[in-house]
K.L.:
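Take this structure, written in structure tokens, and hold onto it; I'll ask about it next.
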Amino acid sequence: MTLRLYNSLSRKKEEFVPQTPGRVTMYVCGPTVYALSQIGHARSAVSFDVIYRYLRYCGFDVEYARNYTDVDDKIIQRANEEGIPSEELAERNIVAFDEDMAALGVELPTKRPKATETIEKIVEVTSTLIEKGFAYESGGDVFYSVRKFEGYGKLSGKKIDELESGARININEQKSDPLDFALWKSSKPGEPSWDSPWGKGRPGWHIECTAMNIEHLGPTIDIHGGGKDLIFPHHENEIAQSEAATGAAPFARYWLHNGFVNIEKEKMSKSLGNILNIREALKEHTYEAIRLFLLSNQYRSPIDYTQDSLKEAETAVERFYKTLDRIEAEFPNLSSAVPGKEALKERVAPVLEAMNDDFNTAKVLGNLFKEVTRANTIMDAMRKSPEKREVTQEEITLIRALFKETGQILGTLDRAPNEYFNEIKSQSLLAPEEIERLIEERAEARKNKDFARADEVRDSLLEKGIILEDKSTGTIWTVKQ
RNA sequence: GGCGGCGUACCCAAGUGGCUAAGGGAGCAGUCUGCAACACUGUCAUUCAGCGGUUCGAAUCCGCUCGCCGCCUCCA
């Protein structure tokens, strides 16, 4: 079984073979930190987080870098609007981004370089590009001469001559060709700047990723990821810069691009005012539901964030943990049980098969919920025929092990059920003591066959979002999502 | 205009040449329950936007038509 992934560069699925056996270098474009991160950043981060997790699950030693672009036009503009230094704005948003990622259960990449910490390399790469004739200095700015790079357009499928007709030409710029893009921009007073052979200035948008790649991962990396919108011009330009500067091609051997998140069928945009920040989403939904939602489509497809789809994800998470909770209640000593190695391998095979097919997490979830039903079915059967307990336990041990493996890969559905339920319960509008007291009162009423009173208690709790479930072992409560 | 993608049940969504078109949600009918909730069972696409072609065989490949979307400009 081999891992196959869709390479944007070749536009087809390819078998994944890292350049060094057992070792993977991966770079994913991180945020430009001019504002709080929105749900689209979450999709990219979660998609590549799962890829990172899975590569390690497969036994690869993964070097994974995700950058912060912390110097840029938008940051400067926004900082000016707020009347604070751009460094302060960037730092504030980096902290916020890190918090959001942690809240989403996204693991830390092994490297998290910042553009402003890579200036030396940026200057070095820019100088090299000038020396090699791919770039030129013009009035304190340095531009990349797109026409000098033979393979320009190979990632995005664009032809230079067709680009020209649509290109915007800024007459104030010192470009010799409108398609050329800035590697280095001379700074205006008050802007962040660094010394360079071309005077005080700051890096252009694309060069920082090239520099960080070369500095942290080398001239040729295995996987380069990012949102689909970055294919052009950002990734196209990264290729042009990197391959021209290092002479090593390809710059990245596999290009992976995640699809967009729409909000109620519409693209997120400032003009529509429907940009959903990660922290706003997390106020309304658990991180596990958000992850499950994001992973319920293949990572390359667009996905629609709607009230319904998130509610569905909540329901799925709850169903999963209810089942896990039931397993723990029925088999309290299961944690010490070890499933047979071969049997487990067989059980996990469909999950790996799905993951190996371009990280098909939707299929993984389908498989997972098939096993959830299976677990409940056999526990139901055991209730009717207790003599089946031993056989059931063996099967449940396997299913539980499968849950664990899958949860590790997906980074959700991997907690202890009581941890999940305690989190849900903490959102209760009523004090838990008060709820317990009412449950007691209802139990008393039920014992006395005063069902009118019992239902009254249950209904009044439901009005406050508290759902009661009568189990054989007693009544439990949870909060309506 | 150039490039790319998509259209599978009421909704979300796997499947991209050959076993019965995964899975979830909603609905309906049952089992369980004092009644519910949870859970389970059954039901829910003779058919994959439409038309034509290739093939022994197509949701899957090709062509055309219709509809939707993205990129080409800052964007995950």
Side-chain angles (χ1 to χ4, degrees), chain A residues 8 11 13 28-32 34-35 37-48 72-74 77 153 156-159 161-163 165-168 170 205 225-234 236 257-262 265-270 275 292-293 296-298 300-304 306 308-316 318-320 322-323 325-326 350 354 357 360-381 383-384 445-446 449-452 454-455 458-459 462 467-472 475-478 480:
Chain A
S8 305
R11 293 180 186 76
K13 281 184 194 171
V28 174
C29 287
T32 299
Y34 66 98
S37 299
Q38 33 86 356
I39 198 75
H41 294 101
R43 183 172 199 199
S44 178
V46 168
S47 297
F48 288 103
D72 149 278
D73 293 352
K74 286 196 297 296
Q77 190 192 330
S156 56
K158 299 194 183 305
K159 296 182 182 70
D161 294 332
E162 283 165 3
L163 275 173
S165 58
R168 287 191 182 178
N170 187 335
W205 174 32
K228 266 200 163 84
D229 52 335
L230 294 180
I231 292 174
F232 189 88
H234 187 56
E236 197 67 63
H257 293 100
N258 64 274
F260 274 39
V261 180
N262 294 322
K265 304 238 188 258
E266 280 180 320
K267 184 179 171 171
M268 266 189 282
S269 73
K270 273 182 211 157
I275 296 194
L292 192 85
F293 158 71
S296 66
N297 289 45
Q298 214 277 340
R300 285 188 285 122
S301 318
I303 191 169
D304 198 16
T306 65
D308 283 352
S309 57
L310 266 292
K311 191 167 165 35
E312 223 178 86
E314 294 285 5
T315 305
E318 183 156 317
R319 177 165 147 80
F320 178 84
K322 266 182 184 154
T323 303
D325 191 46
R326 182 178 177 192
D357 183 14
N360 193 337
T361 51
K363 205 176 193 178
V364 170
L365 287 169
N367 181 72
L368 185 71
F369 280 92
K370 217 185 274 183
E371 296 287 342
V372 166
T373 300
R374 196 180 160 77
N376 281 309
T377 305
I378 62 175
M379 285 190 285
D380 279 0
R383 189 163 291 171
K384 284 174 189 142
R446 289 177 74 206
K449 305 267 186 230
D450 182 2
F451 295 123
D455 290 350
R458 189 172 62 196
D459 291 346
L462 184 61
I467 299 170
L468 299 189
E469 286 178 30
D470 295 330
K471 300 277 200 184
S472 56
T475 299
I476 62 163
W477 64 275
T478 184
K480 193 178 175 185

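Letters A, B, ... mirror the listed sequences (proteins, then strands); counts begin at 1. Just so it is clear, the structure is predicted and the values come from calculations on it, not from any experiment.
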K.L.:
For the side chain of A:Lys158, counting heavy atoms from C-beta on, which of B:rC71, B:rA37, B:rA13 is nearest?
P.N.:
B:rC71

K.L.:
Within the modelled atom types, does a donor on one side and an acceptor on the other bring the side chain of A:Asp229 and the base of B:rG70 under 3.5 Å apart?
P.N.:
no

K.L.:
Tell me what A:Asp470 touches on the nucleic acid: a base, only sugar-phosphate, or nothing, going by heavy atoms under 4.0 Å.
P.N.:
base

K.L.:
Whether the side chain of A:Asp325 and the base of B:rC38 hold a donor-acceptor pair under 3.5 Å is what I'd like checked.
P.N.:
no

K.L.:
When only distance counts, do a donor and an acceptor, one from the side chain of A:Arg458 and one from the base of B:rA36, lie under 3.5 Å apart?
P.N.:
yes

K.L.:
So, is A:Lys228 close to the B:rC72 phosphate, meaning a side-chain N or O under 4.0 Å from OP1 or OP2?
P.N.:
no

K.L.:
Just checking A:Lys311: base, sugar-phosphate only, or nothing, at a heavy-atom cut-off of under 4.0 Å?
P.N.:
nothing

K.L.:
Between A:Arg383 and A:Asp380 (salt bridge meaning N to carboxylate O under 4.0 Å), is one present in this structure?
P.N.:
no

K.L.:
How is A:Thr373 classified with respect to the nucleic acid when contacts are heavy atoms under 4.0 Å: base, sugar-phosphate, or nothing?
P.N.:
sugar-phosphate

K.L.:
Heavy atoms only, 4.0 Å cut-off, all strands: where does A:Lys322 land among base, sugar-phosphate and nothing?
P.N.:
sugar-phosphate

K.L.:
Looking for any heavy atom pair under 4.0 Å, which part of the strands does A:Arg300 touch: base, sugar-phosphate only, or nothing?
P.N.:
nothing

K.L.:
To the nearest Å, give me how far apart CG (A:Asp357) and C1' (B:rG15) are.
P.N.:
10 Å

K.L.:
Partner of B:rA49 by Watson-Crick or G-U wobble geometry, both contacts under 3.5 Å, or none?
P.N.:
B:rU65

K.L.:
Could you tell me whether the phosphate oxygens of B:rA76, OP1 or OP2, come under 4.0 Å of any side-chain nitrogen or oxygen in A:Ser47?
P.N.:
no

K.L.:
With centres under 5.5 Å and planes under 30° as the test, does A:Phe451 stack with B:rG34?
P.N.:
yes

K.L.:
Quick one: label A:Asp308 by what it contacts on the DNA or RNA (base, sugar-phosphate, nothing), any heavy atom closer than 4.0 Å.
P.N.:
nothing

K.L.:
For B:rC72, take OP1 and OP2 only and decide whether either is under 4.0 Å from a side-chain N or O of A:Ser156.
P.N.:
no

K.L.:
Assign A:Gln38 to base, sugar-phosphate, or nothing according to its heavy-atom contacts below 4.0 angstrom with the strands shown.
P.N.:
base

K.L.:
OP1 or OP2 of B:rC40 sitting under 4.0 Å from any side-chain N/O of A:Asn376?
P.N.:
yes

K.L.:
Once you apply a heavy-atom cut-off of 4.0 Å, does A:Met379 come out as touching a base, just sugar-phosphate, or nothing?
P.N.:
nothing

K.L.:
Which part of the nucleic acid, if any, lies within reach of A:Lys265 when heavy atoms closer than 4.0 Å are counted: base, sugar-phosphate only, or nothing?
P.N.:
sugar-phosphate

K.L.:
Within the structure shown, what part of the strands sits under 4.0 Å from A:Ser296 by heavy-atom distance: base, sugar-phosphate, or nothing?
P.N.:
sugar-phosphate

